[in-house]
Amino acid sequence: AYEIYQCDWSSDVCSSDLIPEVKFKPKGIKFPLPSNYNPVTRHYDETVPWNGSFKSYNEYTNNLAWVIYWVLRNADWGMDIAGADVDLGAFYTFAKYCDELVDNGKGGTEPRFTINHQFVERDAVPQFLMYLLNLGNANFATNEFGQIKIVWDGYGQPITKIITNANVIDGLFQYSSNDLESRTNLVNVTYMREELLGDSDTANFYDQTLIDRYGLQTADVILAGCTSEGQALRKARWTLYNNCYLTEIITFKQLFQGADYAVGDLISIMDSDNVTVAPKHAVISGYSYSDRKSTRLNSSHTDISRMPSSA
């Protein structure tokens, strides 16, 4: 679809040999949205549990979850994946998480994750989806029915399994940590500032204590689709905390009972050889199979969504 605009300038504003730069703030694209959802107030009416139906008409939204959902589902410009192959419940839960109001750093509130961007270049599908997932600290996984579900790093998610010495091979957990070089303590996030009508700006976050400990180590993040300084700063904080404080990696081996894990599963590890510490909550970040044994790599998990504003 195309839009045609007519703009008139007086000669005292624009000389004849220069063409003014014109910028617009588009409202976005319309999608079918849940029947119980008001995209203006971002309220989900759950006086009666949602039955999975969508409205018969389209509405504007910048809710990240529903944008990703329709990128997967839409037949014209999306991936044309059947609804039966997508875990709608997971996207609905993530959508509510995206719409929760959080501190915007300026004395007000704003939705946690939004997307406001015009993609003008064609990218490979995996790269394009990573732009979207990166906004919400999210990833794709599959549920027990083989459907595509979305998982994200945030509070309130259930622990899916409890792992003890009794259900790992030889009862052993192996502990290691990430490289010191990866503990970046100054994070620069490039985003499209709304007040500049989409021109890029950079939000910075650093931890002086970590700089004193490890020396200055920087990380640069490009957050395509972000127009909020508050959202960019939350991304910077999330990146720093994941790199510098969630440093422990736990590896363990299981037999066939280890075949039903998925990347993004939240588990609890109770190691009797480490009784001096509380049970560790971890997120499955990868796995490999060898000789019918599965090795799982886990990174420690914390509630990054509700870190103090000074973090």
Side-chain angles (χ1 to χ4, degrees), residues 64 98 102-106 110-121 123-124 126-140 151-155 175-250 263-264 281-286 297-311:
L64 177 63
C98 292
V102 296
D103 185 3
N104 65 1
K106 300 177 181 179
E110 65 182 7
R112 178 178 279 107
F113 298 128
T114 58
I115 176 170
N116 299 278
H117 189 63
Q118 180 182 7
F119 291 92
V120 296
E121 296 182 0
D123 280 305
Q127 182 62 50
F128 177 71
L129 289 173
M130 284 309 301
Y131 286 142
L132 303 181
L133 294 169
N134 186 43
L135 281 167
N137 307 324
N139 209 337
F140 289 131
V151 295
W152 62 95
D153 191 354
Y155 73 92
Y175 295 85
S176 59
S177 63
N178 63 354
D179 297 331
L180 293 180
E181 292 78 9
S182 67
R183 299 183 186 182
T184 52
N185 41 48
L186 169 61
V187 182
N188 306 306
V189 177
T190 300
Y191 68 105
M192 305 303 171
R193 192 180 183 93
E194 183 176 16
E195 294 85 352
L196 302 178
L197 292 177
D199 284 349
S200 62
D201 200 355
T202 303
N204 313 100
F205 181 74
Y206 67 93
D207 188 317
Q208 188 60 51
T209 302
L210 294 173
I211 293 175
D212 295 339
R213 181 184 304 171
Y214 300 118
L216 181 62
Q217 300 186 135
T218 63
D220 298 304
V221 179
I222 298 177
L223 208 55
C226 173
T227 59
S228 161
E229 182 182 16
Q231 184 175 341
L233 284 172
R234 291 193 296 275
K235 182 67 175 183
R237 291 168 52 204
W238 180 88
T239 302
L240 185 147
Y241 265 71
N242 270 271
N243 290 346
C244 294
Y245 290 101
L246 310 186
T247 59
E248 189 170 63
I249 300 172
I250 306 172
V263 171
H281 293 174
V283 176
I284 299 292
S285 59
L297 302 179
N298 305 268
S299 55
S300 299
H301 176 82
T302 192
D303 186 350
I304 53 86
S305 300
R306 294 188 173 179
M307 292 186 295
S309 57
S310 60

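Note that these values count all heavy atoms, side chains included, but never hydrogens, waters or copies made by symmetry. All residue numbers refer to positions in the sequence shown, counting from 1.
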Are more than 12 heavy atoms from other residues, nucleotides or ligands located less than 6.0 Å from atom CD1 of I222?
-> no
Atom CZ of F140: over 12 foreign heavy atoms under 6.0 Å = yes
If you take all heavy atoms of [X] and [Y], which pair is closest and at what distance?
X    : Y    : value
N185 : L210 : ND2-O, 3.3 Å
T114 : L135 : O-CD1, 4.3 Å
Q231 : E110 : N-OE2, 3.3 Å
L180 : Q217 : O-NE2, 3.0 Å
C226 : A232 : SG-N, 3.8 Å
L240 : T184 : CG-O, 3.8 Å

Are side-chain heavy atoms of D220 and T190 found at a separation under 4.5 Å?
-> no
Heavy-atom side-chain contact between N137 and F113 under 4.5 Å = yes
Closer than 3.5 angstrom, by distance alone: can the side chain of [X] be matched with the main-chain N or O of [Y] as a donor-acceptor pair?
X    : Y    : answer
N178 : N243 : yes
R234 : R112 : yes
N242 : W238 : yes

List the steps, then state whether side-chain contact (heavy atoms from CB on, under 4.5 Å) holds for Y191 with D201.
-> CA-CA 6 Å; Y191 68 105; D201 200 355; 3.9 Å; yes
Mind checking what makes salt bridge (charged side-chain N to carboxylate O under 4.0 Å, His left out) contact with D199, not counting sequence neighbours?
-> K23
Using the test salt bridge (charged side-chain N to carboxylate O under 4.0 Å, His left out), find all partners of E229 that sit at least two apart in sequence or belong to another chain.
-> K106, R193
Roughly how far apart are [X] [atom1] and [Y] [atom2], rounded to 0.5 Å?
X    : Y    : atom1 : atom2 : answer
N139 : N134 : CG    : CG    : 10.5 Å
Y245 : D207 : OH    : CG    : 4.0 Å
L132 : I115 : CG    : CD1   : 4.5 Å

Does a side chain donor of either N188 or T202 reach within less than 3.5 Å of an acceptor in the other side chain?
-> no
Check the pair K235 / V187 against side-chain contact (heavy atoms from CB on, under 4.5 Å), numbers first and verdict last.
-> CA-CA 9 Å; K235 182 67 175 183; V187 182; over 6 Å; no
